[in-house]
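Heads up, the thing below is written out as structure tokens.
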Amino acid sequence: QVQLVESGGGLVQAGGSLRLSCVVSGSIVSINAMAWYRQAPGKQRDLVAVISRGGNTNYADSVKGRFTISRDNAKSTVYLQMTGLKPEDTAVYYCSAEILKEGVLAFRSYWGQGTQVTVSS
């Protein structure tokens with residue numbers, strides 16, 4: 001089995017910071033891209049940031065300059081450092097990773113269970 005477990009969410013005031021973590025575990029051969037998505041109530045799930053295995057990153061325009069995605073390949077972990085948080089950043093944040101599982105021939109996407117981030121004004 002493959003598991004993605006997020007942590008680090010919580011309640012923070014506008015202008016504050018949070019750091020999300022997502023640890024991948026299980027029968028893994030390799031991990032390609034890792035990403036963070038978010039979904040606010042009543043809205044679709046949107047991409048926040050993505051990082052390649054080599055460290056190339058891309059961000060949604062709404063978070064550029066405020067959020068930083070990083071990863072530790074040795075620990076199979078992806079991080080999202082969030083600064084300058086705004087009430088509109090309130091959402092459930094999900095991590096996702098393209099994983100090659102043992103005994104499988106192709107990469108597929110796996111998702112975590114999500115962690116709530118609430119930013120008060």
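Keep in mind the model is a prediction, meaning the values are calculated, not measured.
- Arg71 places a side-chain N or O within donor-acceptor distance of the main-chain N or O of Ser52, the cut-off being under 3.5 Å.
- Between Phe67 and Leu85, the closest side-chain pair of non-hydrogen atoms falls below 4.5 Å.
- Contact between Cys22 and Leu4 at its shortest, heavy atoms only, is SG-CB, 3.9 Å.
- Ala91 and Gln116 make their closest contact through O-NE2, 3.4 Å (heavy atoms, listed as atom of the first residue, atom of the second, distance).
- Exactly one of Val92, Asp89, Val117 qualifies for a side-chain contact (heavy atoms from CB on, under 4.5 Å) with Arg38. That residue is Asp89.
- In this structure, the side chain of Arg66 does not engage the main chain of Met82 through any donor-acceptor pair within 3.5 Å.
- Smallest separation of non-hydrogen atoms from Trp36 and Ile69: CD1-CD1, 3.7 Å.
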| request: Go through the steps for Ile31 and Phe107 under the test side chain to side chain contact (heavy atoms under 4.5 Å, CB included), then give the verdict. | output: CA-CA 8 Å; Ile31 304 174; Phe107 284 86; 6.0 Å; no
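- The two residues Met34 and Val24 make their nearest non-hydrogen contact at CE-CG2, 3.8 Å.
- Put simply, Val23 and Tyr37 are part of two different groups of oily side chains (I, L, V, M, F, W, Y) that touch within less than 4.5 Å, one to the next.
- If you chain together hydrophobic residues whose side chains sit under 4.5 Å apart, Val78 and Tyr110 fall into the same group.
- Rounding to the nearest 0.5 angstrom, the gap separating the CG atom in Leu20 from the OG atom in Ser7 is 8.0 Å.
- Glu6 contributes a side-chain N or O that, together with a main-chain N or O of Cys95, makes up a donor-acceptor pair within less than 3.5 Å.
- Within 6.0 Å of the CD atom in Gln3, the count of heavy atoms belonging to other residues, nucleotides or ligands does not exceed 12.
- Between Trp111 and Tyr94, the two ring planes are perpendicular [angle over 60°; tilted spans 30° to 60°].
- When all heavy atoms of Gln81 and Ser17 are compared, the pair lying nearest together is NE2-CB, 4.1 Å.
- Under the 3.5 Å distance criterion, the side-chain polar atoms of Thr90 are matched with a main-chain donor or acceptor of Val119.
- For the atom pair Arg53 CZ and Glu98 CD, the distance stands at 12.0 Å (nearest 0.5 Å).
- Between Val50 and Ala33, the closest heavy-atom pair is CG2-CB, 4.2 Å.
- A salt bridge links Lys64 with Asp61; the closest basic N to acidic carboxylate O contact falls under 4.0 Å.
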| message | What verdict does the side chain to side chain contact (heavy atoms under 4.5 Å, CB included) test give for Thr68 and Tyr79, after you've listed the backbone C-alpha separation in whole Å, the side-chain angles of each residue and the deciding distance to 0.1 Å? | response | CA-CA 8 Å; Thr68 302; Tyr79 306 97; over 6 Å; no
